[in-house]
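Before any comments, here is the structure.
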Amino acid sequence: MSGVLETHDLTMRFGGVVAVNNVNFSLQESELRCLIGPNGAGKSTFFKCLLGQYRMNHENGRVLIRGNDVTGWNTFEIVRLGIGVKTQVPSVMNGLTVQENLWLSSRRIHGWHGASGAVAEVARELQIEDLLRRTVGELSHGQRQVVEIGIVLVQRPWLLLLDEPAAGMTGDEVERLIGIIRRINQTASIIIVDHDMEFVRMLGSTVTVFHQGSILVEGPAEQVLNDPAVREVYIGNRAE
Amino acid sequence: MMNWPSVDRINWGWFLLAVGIFALLPLVFDTHTATLLIIWALFALSLGIMWGFAGLLSFGHAAYFGLGAYTYAVAVINIGESTLPFLLSLLVPAIVAAIIGGMAFYGRISDVYLGVITLVVTLILFKFMSATAGDIYKIGSARLGGFNGMPGFHTLNVPGYPDISLWGWPTYYISASSLLLSYLVCRWILARTFGRVLIGIRENEERCELLGYNVAAYKTGIFSVSAAMAGLAGCLFANWAEIVTPSVFSLGQAVEVLIWVIVGGLGTLIGPILGAMALGYVKLLLGEQTVIDNSLILGALLIAVVLGLPNGVVPAIRRIWNAARLKLRRRVSEGSTRRTLNASSQVNR
Ligand SMILES: Nc1ncnc2c1ncn2[C@@H]1O[C@H](COP(=O)(O)OP(=O)(O)OP(=O)(O)O)[C@@H](O)[C@H]1O
Ligand SMILES: [Mg+2]
């Protein structure tokens with residue numbers, strides 16, 4: 001049985017830099033997976049390849065999402081399969097209110113009449129009801145992260161790609177986020193990129209370590225985080 | 001009711017006031033001048049909706065204005081009756097814009113290049129039309145006429161009656177209605193999902209793509225609508241001037257409309273309309289004097305506004321107006337609380 005997401009020999013080059021190098025990755029239905037790796041390991045680029053944000057063809061390998069070979073598809077077509085994306089730098093509509101941001105996301109899934117109801121529901125879920133009328137650009141980094149997560153959740157995706165969702169959040173916000181992730185994970189598969197070992201440990205999922213565009217190790221959190229090779233990569237990188 | 005404050009709901013009171021002003025203006029103002037100002041306003045509105053709300057800048061919007069004018073002239077010379085030429089003058093620019101925009105947006109060309117491409121198209125059309133003096137440059141029985149342009153075509157007639165020509169004050173009322181209707185169309189677009197997604201694209205194109213919207217299709221759509229509106233303005237201009245020359249594609253025309261929109265206020269619909277009318281009027285007044293060069297004065301005005309009111313005049317006025325209203329309301333509500341306090345103390349007594 002094929003998984004939710006599979007890549008075959010996925011490769012992405014920028015000039016001489018091989019940002020993603022022959023990655024064979026697979027994710028099962030309802031799986032939670034953490035993707036870690038030092039700066040520049042290729043994690044964000046990996047996401048962008050999955051989403052067709054970089055032009056892909058079969059020389060870059062293949063991306064299969066629920067059995068569809070999406071290599072070469074447009075981003076919006078891939079997303080429409082039911083994928084929610086949170087980018088590393090919060091990608092929100094800064095000039096609009098929180099309500100408007102959520103509505104634009106909600107509208108595509110729930111239609112003109114259902115959009116507002118779904119927005120209200122997500123706002124309650126994330127406890128951001130009192131922010132709805134605020135302009136997103138005025139919010140703190142952490143709040144904007146929450147808004148972006150709301151934008152993702154309101155579409156009720158079955159696959160979520162979250163690039164550093166906890167960055168800039170306070171301890172409370174992170175704890176709430178973990179609760180939310182656990183709950184979504186009951187019905188959706190999730191890949192989370194993060195640097196914060198503590199956060200990854202708390203999630204306690206399978207961990208994939210990227211290093212120089214390739215998968216270095218993959219396994220249960222405790223085992224991977226104690227792996228000498230992983231420590232080497234991280235510490236070696238820090239020392240630079 | 002859906003709350004979407006960044007797109008103002010239409011205020012029908014103001015709209016009806018505008019209808020009234022346009023209806024009565026010929027009593028106090030020369031319609032010939034007023035018609036031209038209205039045509040410019042429509043042209044500015046067409047750029048304003050696409051630039052201010054979808055974030056798409058077309059440096060060469062004059063191309064669609066000019067195409068509208070030429071399409072009308074060529075078609076009406078061949079057909080005689082004006083209804084179809086009128087519709088074609090919207091349709092041809094819309095199709096050309098859809099092709100150019102479609103290639104640019106689906107080809108993922110960045111928005112800056114779109115601006116440049118449209119400008120180049122305008123310049124090419126200017127060069128080409130200027131060079132069509134020879135007899136071989138004929139479309140049907142319409143001679144393009146090179147630099148001297150195409151004079152002597154039928155102006156708009158009552159639909160179905162080619163002999164009943166609408167010229168003079170009817171041109172004024174047709175232009176005014178076109179402007180008001182186009183304004184309503186813009187408002188309607190902005191109140192629909194289509195317009196809201198455009199605003200989303202202006203704010204963050206990547207996000208809209210990641211929400212599953214076909215950004216290229218939305219951009220092509222608004223580009224095409226905007227070009228149709230510019231074409232309408234061009235058609236009316238042809239009727240007003242009774243001649244079409246390559247100057248409709250000139251660089252001056254292309255730049256002027258940008259200034260009108262910026263000064264009036266980007267991101268509003270009223271801004272471009274008022275900007276075009278006010279600056280257009282200033283230009284006409286200045287045209288009668290020879291002391292200072294016109295473009296110098298317009299340029300100085302532009303710089304003054306950009307430095308002093310970076311969002312344009314209309315948003316600045318709106319801010320002051322809203323602040324004043326808020327203050328007034330606060331004062332009124334303070335007064336009423338004081339009154340209720342007095343009342344309740346009296347009851348207590
Ligand atoms: N558009 C681009 N053009 C050229 N090089 C790029 C581009 N995007 C990424 N790179 C390079 O590709 C490599 C991988 O970058 P990427 O952003 O995917 O790393 P990352 O693992 O997400 O790092 P971080 O943890 O800092 O977010 C880096 O060397 C980066 O400099
Ligand atoms: Mg990254």
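In the text below, chain A, chain B and the rest are named by the order of the sequence lines, each starting its count at 1.
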Taking the ring centre of each residue, are [X] and [Y] less than 6.0 Å apart?
X        : Y        : value
B:Tyr218 : B:Phe105 : no
A:Phe14  : A:Tyr54  : yes
B:Phe223 : B:Tyr64  : yes

Between [options], who has the most heavy-atom pairs with chain B when the cutoff is under 4.5 Å?
options                               : answer
A:Arg108, A:Gln53, A:Glu148           : A:Arg108
A:Ser91, A:Gly137, A:Ser105, A:Ala115 : A:Ser91
A:Val92, A:Asn74, A:Leu51             : A:Val92

Chain B contact via A:Val119 - side chain, backbone, both or neither, heavy atoms under 4.5 Å: neither
Under 4.5 Å from a heavy atom of chain B, the part of A:Glu77 involved: neither
Cationic tip of A:Arg80 above A:Trp73 ring, under 6.0 Å, 45° of axis: no
Criterion salt bridge (charged side-chain N to carboxylate O under 4.0 Å, His left out) on A:Lys86 and A:Glu164, from CA distance to verdict: CA-CA 8 Å; A:Lys86 199 219 143 298; A:Glu164 307 204 10; over 6 Å; no
